[in-house]
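Heads up: the structure comes next, in structure tokens.
FYI, side chains are in, hydrogens and waters are out, and symmetry mates aren't considered; it's all heavy atoms of this structure.
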Amino acid sequence: MSGRRVRRSGGKPSEGGRSRAPLIVLVILLLAALVAVGFWFWARSGTDETADPEATDQTAETGEADDAAGTEESKLPEIEETSSLTLSSVYTSSILNPDCGDEYAEEIASLEATNHSDSYLVSATLTATMSDGTEVHFEVSDLPAGATAEIFDTENQTLDSGVTCTSLVCTSEKYIEEDVLLSDTIEVTASGSDAVITNIGEDDLTGLTVVYHCDMAGQYFGGTSYTTTIDSLAAGESYTLSDSALMGEVAVVRIDQ
């Protein structure tokens with residue numbers, strides 16, 4: 001009888017024991033997976049709550065810097081000389097260039113120039129160097145404080161596509177601060193292509209030079225200014241300046257005597 005007991009102990013397991021073993025293993029694996037997922041959520045939550053705000057800000061700043069670096073080439077460089085002009089880059093095509101004798105131009109460079117000083121800009125000249133080595137020259141004259149003009153290449157050079165501006169130098173600049181419109185004795189009323197100039201003083205005026213720009217939607221078209229002369233203007237008398245050749249409106253900016 002003892003031999004039979006040894007044989008049973010070492011024999012095959014019962015069918016019930018064999019079916020329960022895989023189930024137990026599956027349960028253990030499932031519990032382990034749940035524990036792992038729970039630990040992952042706990043670790044992530046802890047990381048979010050303890051994130052360094054300063055590090056986050058630095059990351060955001062770095063991202064902004066990267067974005068700026070990506071558009072660096074499309075921006076105009078700072079003027080290399082002290083200047084009261086604010087400039088931005090513009091490209092245009094197929095125009096009669098007012099800064100080159102109204103000659104036809106295609107794909108030429110232009111600058112949007114704003115006088116952000118408190119003085120009247122008599123004249124300024126600028127030179128831009130492009131990425132292919134081309135030098136472009138600009139001139140602007142008679143720009144009142146706060147006024148903006150779109151100025152064009154004075155030589156009508158056609159630019160290759162894709163070139164950018166790498167250097168911008170203001171080579172000369174002149175300002176004056178006096179009352180350039182003689183507002184104590186003269187009144188100017190502009191309407192479209194006409195400007196009425198009236199002597200509101202008590203004395204007759206002689207030898208007047210009227211300086212004006214072409215105004216298109218509040219911005220001067222071209223850096224070039226235009227002039228007309230008035231030989232005499234009696235007290236109370238008016239003179240009408242009319243320039244139908246302008247593409248925009250007459251903007252009187254200065255009157256010299």
Side-chain angles (χ1 to χ4, degrees), residues 83-88 90 92 95-103 105 110-126 137-154 170 172-257:
S83 174
S84 294
L85 287 172
T86 299
L87 302 167
S88 58
V90 180
T92 188
I95 65 164
L96 296 176
N97 185 354
D99 297 332
C100 190
D102 286 331
E103 291 184 8
S110 69
L111 294 175
E112 197 172 87
T114 301
N115 177 7
H116 67 262
S117 75
D118 295 327
S119 303
Y120 181 93
L121 175 66
V122 177
S123 63
T125 58
L126 303 103
H137 302 282
F138 302 92
E139 296 178 2
V140 57
S141 58
D142 298 295
L143 194 60
T148 298
E150 185 177 3
I151 62 179
F152 302 91
D153 176 6
T154 58
C170 187
S172 69
E173 207 168 2
K174 180 182 177 182
Y175 293 86
I176 56 175
E177 297 183 1
E178 63 254 31
D179 180 5
V180 294
L181 286 173
L182 307 179
S183 57
D184 288 340
T185 55
I186 293 178
E187 180 181 77
V188 178
T189 304
S191 177
S193 61
D194 296 339
V196 179
I197 299 163
T198 304
N199 180 357
I200 59 175
E202 298 178 354
D203 299 324
D204 295 348
L205 301 174
T206 59
L208 298 177
T209 299
V210 181
V211 183
Y212 61 99
H213 269 285
C214 172
D215 187 329
M216 296 186 67
Q219 177 172 292
Y220 301 152
F221 181 69
T224 300
S225 59
Y226 307 92
T227 61
T228 189
T229 58
I230 304 174
D231 293 333
S232 63
L233 195 63
E237 185 180 3
S238 295
Y239 171 88
T240 300
L241 165 62
S242 182
D243 191 341
S244 58
L246 292 181
M247 295 177 62
E249 301 179 351
V250 170
V252 175
V253 295
R254 180 176 175 180
I255 300 176
D256 292 331
Q257 185 179 23

Would you give the length of the straight line joining atom [atom1] of [X] to atom [atom2] of [Y], rounded to the nearest 0.5 angstrom?
X	Y	atom1	atom2	result
Thr114	Leu87	OG1	CG	8.0 Å
Leu111	Asp153	CG	CG	9.5 Å
Glu202	Thr185	CD	OG1	11.0 Å
Asp102	Ile95	CG	CD1	9.5 Å
Leu241	Asp243	CG	CG	7.0 Å
Glu150	Gln219	CD	CD	6.0 Å

Treating [X] as the side-chain partner and [Y] as the backbone partner, does any N or O pair qualify as donor plus acceptor under 3.5 Å?
X	Y	result
Asp99	Thr224	yes
Asn199	Leu233	yes
Asp256	Thr209	no
Asp231	Gly207	no
Glu237	Ser232	no
Thr198	Ile200	no

- Message: For Cys100 and Thr154: C-alpha separation, side-chain torsions, deciding distance, then whether side chain to side chain contact (heavy atoms under 4.5 Å, CB included) applies.
- Response: CA-CA 5 Å; Cys100 190; Thr154 58; 5.6 Å; no
- Message: We want to know whether Ser242 and Asp194 form a side-chain donor-acceptor pair, criterion being a heavy-atom distance below 3.5 angstrom.
- Response: yes
- Query: Does the side chain of Tyr212 pick up a donor-acceptor pair with the side chain of Asp142 at under 3.5 Å?
  - Reply: no
Side chains of [X] and [Y]: does their closest heavy-atom pair fall under 4.5 Å?
X	Y	value
Tyr120	Val253	yes
Leu208	Ile186	yes
Val188	Val210	no
Tyr226	Leu246	yes

- Task: Evaluate the side chain to side chain contact (heavy atoms under 4.5 Å, CB included) criterion for residues Thr125 and Glu139: first the C-alpha distance (whole Å), next the side-chain angles of each, then the deciding distance (0.1 Å), finally the verdict.
- Result: CA-CA 4 Å; Thr125 58; Glu139 296 178 2; 3.8 Å; yes
- Item | Worked verdict on Leu205 versus Asp203 for side chain to side chain contact (heavy atoms under 4.5 Å, CB included) | CA-CA 6 Å; Leu205 301 174; Asp203 299 324; 5.6 Å; no
- Query: So which heavy atom on Cys214 is nearest to which on Met247, and how close?
  - Reply: SG-N, 3.9 Å
- Message: Test side chain to side chain contact (heavy atoms under 4.5 Å, CB included) on Tyr175 and Asn115; report intermediate values, then the result.
- Response: CA-CA 10 Å; Tyr175 293 86; Asn115 177 7; 3.7 Å; yes
- Message: Over 60° means perpendicular and under 30° means parallel, so tell me whether Tyr220 and His213 are parallel, tilted or perpendicular.
- Response: parallel
- Could you pull out all residues at least two apart from Asp215 that satisfy side chain to side chain donor-acceptor pair (under 3.5 Å)? none
- Considering the options Val140, Leu85, Leu126, Val122, which one meets the side chain to side chain contact (heavy atoms under 4.5 Å, CB included) requirement together with Glu173? Leu85
